[in-house]
Amino acid sequence: MFYCGIRTYSRMTKATSQLSNHMKLQRELFQALLIQSTVPCIFLFIPSLIYFIFPIFNLPLGLFSNIAGITFVIYPVLDLIAVIYVIKHYRHFVFKLLCLSHKVMPKAETAEKEEAEVKIDGSNEIYMSFNSIPND
């Protein structure tokens, strides 16, 4: 798994020397895939391994039993946050949705916009409008 991941990453970096918007998106999706592959290893498999190996060698679990339970609960949240952080359009949408920044949407790099925009009415109701759907 590590060999294929490293080989794919090296080929992708060679192929994306002149990045187009499509290739930037592919790179972001690949990074999200790598994160979604490593987060379960760290937060599910390693604590599970510790949880099952310690009793075999007659070692007390103590603190490790609590850590395993906590990491099982934290895993879904961390996986989601990592993907939102890596993919630029998701990150900008969340920042704009939470009103964390006034300059969060990337400049239109192509003629077609595919990102969602958040519009805030005077009554603070949030409406999502997509550019492919005409506004009535």
Side-chain angles (χ1 to χ4, degrees):
M1 187 168 79
F2 289 116
Y3 173 76
C4 290
I6 292 170
R7 185 131 166 114
T8 303
Y9 181 76
S10 65
R11 284 192 175 199
M12 207 167 157
T13 54
K14 288 178 187 175
T16 59
S17 59
Q18 297 176 346
L19 292 176
S20 65
N21 290 333
H22 176 70
M23 292 307 289
K24 286 180 184 177
L25 180 63
Q26 290 297 322
R27 178 181 261 176
E28 288 175 1
L29 292 174
F30 182 70
Q31 289 173 347
L33 180 66
L34 288 177
I35 288 173
Q36 284 185 319
S37 299
T38 56
V39 168
C41 290
I42 295 170
F43 289 98
L44 292 179
F45 303 139
I46 293 174
S48 297
L49 184 68
I50 291 171
Y51 195 71
F52 288 114
I53 294 292
F54 272 38
I56 291 173
F57 294 111
N58 206 14
L59 298 171
L61 283 172
L63 180 64
F64 290 119
S65 63
N66 295 334
I67 291 174
I70 292 169
T71 57
F72 290 163
V73 173
I74 290 176
Y75 159 69
V77 175
L78 289 179
D79 193 40
L80 178 67
I81 290 172
V83 170
I84 289 174
Y85 179 75
V86 169
I87 299 176
K88 179 175 66 172
H89 293 291
Y90 289 172
R91 181 176 62 236
H92 291 300
F93 178 76
V94 169
F95 284 164
K96 188 146 188 172
L97 183 68
L98 299 175
C99 300
L100 294 176
S101 176
H102 63 283
K103 183 183 175 186
V104 292
M105 292 303 287
K107 292 182 180 178
E109 297 165 339
T110 62
E112 295 179 348
K113 286 186 177 179
E114 295 178 340
E115 68 266 11
E117 297 178 2
V118 176
K119 295 183 179 180
I120 301 176
D121 249 356
S123 62
N124 284 337
E125 294 182 30
I126 298 175
Y127 297 99
M128 288 179 48
S129 68
F130 296 91
N131 293 330
S132 62
I133 301 173
N135 293 335
D136 292 323

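- Closest non-hydrogen pair, Val83 versus Gln36, comes out as CG2-NE2, 3.5 Å.
- The two residues Pro47 and Ile42 come nearest to each other via the heavy atoms CD-O, 3.2 Å.
- Nearest heavy-atom pair across Cys41 and Phe45 is CA-CD1, 3.4 Å.
- Taken to the nearest 0.5 Å, the OH atom of Tyr3 stands 9.5 Å off from the OG1 atom of Thr8.
- When hydrophobic clusters are built by joining Ile, Leu, Val, Met, Phe, Trp and Tyr residues whose side-chain heavy atoms come closer than 4.5 Å, directly or via intermediates, Tyr75 is not grouped with Leu80.
- The local environment of CZ in Phe54 is crowded, with over 12 non-hydrogen atoms from other residues, nucleotides or ligands closer than 6.0 Å.
- One hydrophobic cluster, built from ILVMFWY side chains closer than 4.5 Å, cannot hold both Ile35 and Leu33; they sit in different ones.
- Interatomic distance, Leu98 CG to Phe93 CZ, rounded to the nearest 0.5 Å: 9.5 Å.
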inquiry  = side chain to side chain contact (heavy atoms under 4.5 Å, CB included) for Ile87 and Leu29? Distances and angles first, verdict last.
reply    = CA-CA 7 Å; Ile87 299 176; Leu29 292 174; 3.8 Å; yes
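- Across Phe43 and Phe72, no two heavy atoms sit closer than the pair O-CD2, 3.9 Å.
- In terms of heavy-atom proximity, Leu61 sits nearest to Ile50 at CD2-O, 3.9 Å.
- Atom OH of Tyr85 is separated from atom CD of Glu28 by 11.5 Å, given to the nearest 0.5 angstrom.
- Atom-to-atom distance recorded for His89:NE2 and Leu25:CG is 7.0 Å, nearest 0.5 angstrom.
- In the hydrophobic cluster analysis, where Ile, Leu, Val, Met, Phe, Trp and Tyr join through side-chain heavy atoms closer than 4.5 angstrom, Leu34 is grouped apart from Val39.
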(message) Assess the residue pair Gln31 and Arg27 against the criterion (side chain to side chain contact (heavy atoms under 4.5 Å, CB included)); give the C-alpha distance rounded to whole Å, side-chain angles, the decisive distance to 0.1 Å, and a yes or no.
(response) CA-CA 6 Å; Gln31 289 173 347; Arg27 178 181 261 176; 4.0 Å; yes
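- Remark: Tyr90 OH to Ile84 CD1 distance equals 9.0 Å, nearest 0.5 Å.
- For the pair Ala32 and Val86, the tightest heavy-atom approach, listed with the atom from each and the gap, is N-CG1, 3.8 Å.
- Leu59 and Ile46 fall within the same hydrophobic cluster, defined by Ile, Leu, Val, Met, Phe, Trp and Tyr side-chain heavy atoms under 4.5 Å apart, directly or through other members.
- No single ILVMFWY cluster, assembled from side-chain heavy atoms under 4.5 Å apart, contains both Leu78 and Val73.
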